[in-house]
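To keep things clear, I will list the structure first and then write my remarks on it.
Being a predicted model, the structure only gives us computed values, none of them experimental.
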Amino acid sequence: MTTDTADSVEAAAIAPAADAGFLQRHGQVIEYILIPGAALAGALVVFGGFVALFGKNPLDLYFYMYYGAFGTWFSWQNTLTRAAPLILTALCTALPAQLGMVIIGGEGALLIGALAATSAALALPSAPPLVVQCAMVLAGITGGGLWIMLAGGLRQFRGVNETISSLLLVYIALAILNHLVEGPMRDPLSLNKPSTREIGAANMIGTIPGMDVHWGLVFGLVAAVASYVLIYHTTFGFAARVAGGNIRAARIVGLSVGRLILTVCFLAGGAAGLAGMIEVAAVQGRTNANLAAGYGFTGILVAFLARQNPLAVIPVAILLGGISASGGLLQRRLGLPDASVLVLQGIIFVFVLASDALYGRIGFLKGKV
């Protein structure tokens with residue numbers, strides 16, 4: 001081997017990113033990390049400028065956001081607690097996206113799942129805690145699943161746009177919750193804030209040993225991994241992705257598109273309904289208006305930032321959960337409203353949507369020089 005040849009081989013081994021073949025093989029993966037990361041960084045810069053207009057130092061903002069989200073073990077636990085429902089509500093958007101559907105009704109499925117889970121617990125006052133907990137899980141998944149499947153059915157059988165119908169179903173779910181909580185299911189002892197009766201301390205799902213984080217985080221992680229396996233490693237998932245790529249071709253080859261739509265929508269809604277059950281059984285202990293905390297809407301942002309990948313949903317949910325957890329510290333240290341993190345989330349969403357046009361258009365990631 002000549003010296004020039006050896007130098008070429010060594011250079012390729014040391015710097016594979018400079019190899020056009022490497023970029024052609026892995027450019028899409030790099031793109032899926034680089035573009036959302038750039039969108040997130042751009043949103044943080046814009047938000048920092050927005051805060052600077054009010055006389056605050058953007059560097060202080062970034063420091064307290066990091067410290068409030070990941071700076072201490074307490075911060076980490078707060079972040080993970082908030083990430084748990086975000087993982088599940090993000091799956092409510094990410095799973096139907098495999099079929100080319102844009103479902104944004106995770107908030108409604110969460111509320112219906114919470115109501116169903118609470119009803120199951122109150123209907124079994126003398127049952128063992130494990131039986132009650134299992135019943136709550138099944139009720140939450142079923143309630144949320146049927147709620148989003150309704151949007152899928154309207155799309156399949158009546159041609160109604162699923163984005164509009166799923167969003168409208170959120171407000172219907174909120175109206176149902178308010179009616180039941182303030183009426184038939186109201187606890188007479190809840191005077192200031194209407195609520196249902198408590199499900200009982202014995203029926204709460206508790207926290208993970210050694211952590212002040214409830215078991216909902218484990219449920220979310222299992223659901224995300226299971227969703228990834230279902231979509232990318234099963235014939236059902238392959239059929240769903242084929243239908244999402246070209247629904248006409250899917251029908252030509254004999255795929256039951258209607259069954260795929262209803263099944264995926266049920267699974268998606270079931271994930272959000274499980275999030276509602278967890279909020280009742282791990283946090284609230286009852287159903288009330290506090291459940292409408294916006295987890296379903298933030299889950300939409302998580303899904304889009306994760307490019308609808310069930311595994312990528314996990315770190316993105318932790319990141320967005322951290323941003324949400326830092327709101328209280330920003331309020332105390334910088335005098336910003338606690339809701340200022342919602343402004344940041346909105347800016348991130350705009351940047352993510354705008355950056356969608358960049359996919360497939362970055363020349364050097366295709367191995368071009």
Check: Same hydrophobic cluster for Val222 and Val302, using side-chain heavy-atom links shorter than 4.5 Å among ILVMFWY?
Finding: yes

For Ala69 and Thr79, the nearest pair of non-hydrogen atoms, with its separation, is O-OG1, 2.6 Å

Donor-acceptor side-chain pairing of Ser195 and Ser190 below 3.5 angstrom: no

Note to self: Taking the side chain as everything from C-beta on, heavy atoms only, tell me whether Leu40 gets closer than 4.5 Å to Leu319.
What the structure shows: yes

**Asked** Same cluster or not: are Ile314 and Met211 linked, directly or through other Ile, Leu, Val, Met, Phe, Trp or Tyr residues, by side-chain heavy atoms under 4.5 angstrom apart?
**Response** yes

- Item | Flag side-chain contact, heavy atom, 4.5 Å: Leu336 against Gln331 | no

*Check the hydrophobic clustering (I, L, V, M, F, W, Y; side-chain heavy atoms under 4.5 Å; chains of links allowed) and say if Leu138 and Leu146 are grouped together.*
no

Are the side chains of Met277 and Val280 in contact, using a 4.5 Å heavy-atom criterion? no

**Message:** Quick one about Arg286 and Thr196 (side-chain donor to acceptor, distance below 3.5 Å, no hydrogens or angles considered), yes or no?
**Reply:** no

Q) Are His233 and Tyr228 close enough that their ring centres sit under 6.0 Å apart? A) yes

Under a 4.5 Å side-chain heavy-atom rule over Ile, Leu, Val, Met, Phe, Trp and Tyr, are Phe351 and Val45 clustered together?
-> no

Note: Ile148 and Gly269 closest approach over all heavy atoms is CG1-CA, 3.4 Å

Correct closest heavy-atom pair for Pro129 and Asn203 would be CA-OD1, 3.4 Å

Query raised in the report: Is the backbone of Thr163 close enough, under 3.5 Å, to the side chain of Ser166 for a donor and an acceptor to pair up by distance?
Result: yes

d(Ser355 OG, Ile35 CD1) to nearest 0.5 Å is 6.5 Å

Within 6.0 Å of OH in Tyr67, more than 12 heavy atoms from elsewhere:
no

* Asked: So Thr298 and Thr89, side-chain contact (heavy atoms from CB on, under 4.5 Å) or not? Walk me through it.
  -> CA-CA 8 Å; Thr298 306; Thr89 55; over 6 Å; no

In terms of heavy-atom contacts, Leu330 and Ser340 come closest through CD1-OG, 4.4 Å

*Tell me, yes or no, whether the heavy-atom count around Phe236 atom CZ, taken from other residues, nucleotides or ligands under 6.0 Å, exceeds 12.*
yes

*asked:* Classify the ring geometry of Tyr66 against Phe70: parallel below 30°, tilted from 30° to 60°, perpendicular beyond 60°.
replied: tilted

Are Leu34 and Leu44 grouped together when hydrophobic residues (ILVMFWY) are joined by side-chain heavy atoms under 4.5 angstrom apart?
no

Check your understanding: Between Lys56 (side chain) and Leu61 (backbone), is there a donor-acceptor pair under 3.5 Å?
Key -> no

Self-check item: Any donor-acceptor pair under 3.5 Å from Trp215 side chain to Thr207 backbone
Solution: yes

Q. Mind checking whether Gln345 and Phe349 have side chains closer than 4.5 Å, heavy atoms only?
A. no

Shortest non-hydrogen pair, Ala202 vs Gln133, comes out as O-NE2, 3.8 Å

Practice item. Could you tell me whether the side chain of Asn178 and the main chain of Leu174 form a donor-acceptor pair under 3.5 Å? Key: yes

- Is Gln156 reaching over with its side chain to a backbone N or O of Ile261, donor-acceptor style, under 3.5 angstrom? no

Here the gap from Phe63 atom CZ to Leu334 atom CG, rounded to the nearest 0.5 Å, amounts to 10.5 Å

When rounded to the nearest 0.5 Å, the distance separating CG of Leu150 from SG of Cys265 is 10.0 Å

To the nearest 0.5 Å, atom OH of Tyr62 lies from atom CG of Asn57 at 9.5 Å

For this session: Give a yes or no answer on whether the side chain of Glu107 reaches the backbone of Gly294 with a donor-acceptor pair at less than 3.5 Å.
Result: yes

Evaluation steps, side-chain contact (heavy atoms from CB on, under 4.5 Å), between Ile104 and Val170: CA-CA 9 Å; Ile104 58 175; Val170 172; over 6 Å; no

- Message: Strictly distance-based, threshold 3.5 Å: is any side-chain N or O of Glu198 a donor or acceptor partner for the main-chain N or O of Gly285?
- Response: no

TODO: Would you please test Leu88 and Ile278 for side-chain contact (heavy atoms from CB on, under 4.5 Å) and show each step?
DONE: CA-CA 10 Å; Leu88 292 167; Ile278 290 168; 3.6 Å; yes

Quick check: does any side chain N or O of Arg241 sit under 3.5 Å from a backbone N or O of Ile231, one acting as donor and the other as acceptor?
-> yes

Exactly one candidate in Val137, Ile199, Leu124 meets side chain to side chain contact (heavy atoms under 4.5 Å, CB included) with Val132; the answer is Leu124

Heavy atoms of Leu260 and Ala239 approach each other most closely as CD1-O, 3.8 Å

So CG of Leu154 and CD1 of Ile164: to nearest 0.5 Å the spacing works out to 11.5 Å

*asked:* Determine whether a donor-acceptor pair (N or O, by modelled atom type, separation under 3.5 Å) exists between the side chain of Glu162 and the backbone of Met101.
replied: no

* To do: Check whether any side-chain heavy atom of Pro128 sits under 4.5 Å from a side-chain heavy atom of Val131, and report yes or no.
  => yes

Is Arg333 atom CZ crowded by more than 12 heavy atoms from other residues, nucleotides or ligands, each under 6.0 Å away? no

Quick one: does Leu122's side chain get under 4.5 Å of Arg197's, heavy atoms only?
yes

Give the intermediate values and the outcome of side-chain contact (heavy atoms from CB on, under 4.5 Å) for residues Leu230 and Leu267.
-> CA-CA 11 Å; Leu230 175 68; Leu267 294 175; 3.6 Å; yes

Query - Mutual orientation of the aromatic rings belonging to Phe47 and Phe50 [parallel < 30°, tilted 30-60°, perpendicular > 60°] - result: parallel

### Message
Are the side chains of Phe304 and Thr93 in contact, using a 4.5 Å heavy-atom criterion?
### Response
yes

Review point. If we only count heavy atoms from C-beta on, is the Glu279 to Tyr295 side-chain gap below 4.5 Å?
Key: yes

* **Thr287 side chain vs Thr118 backbone, donor-acceptor pair below 3.5 Å** => no

When rounded to the nearest 0.5 Å, the distance separating CD1 of Ile247 from CG of Leu99 is 7.5 Å

Looking at Asp356 and Arg307, is any side-chain nitrogen of the basic one under 4.0 Å from a carboxylate oxygen of the acidic one?
yes

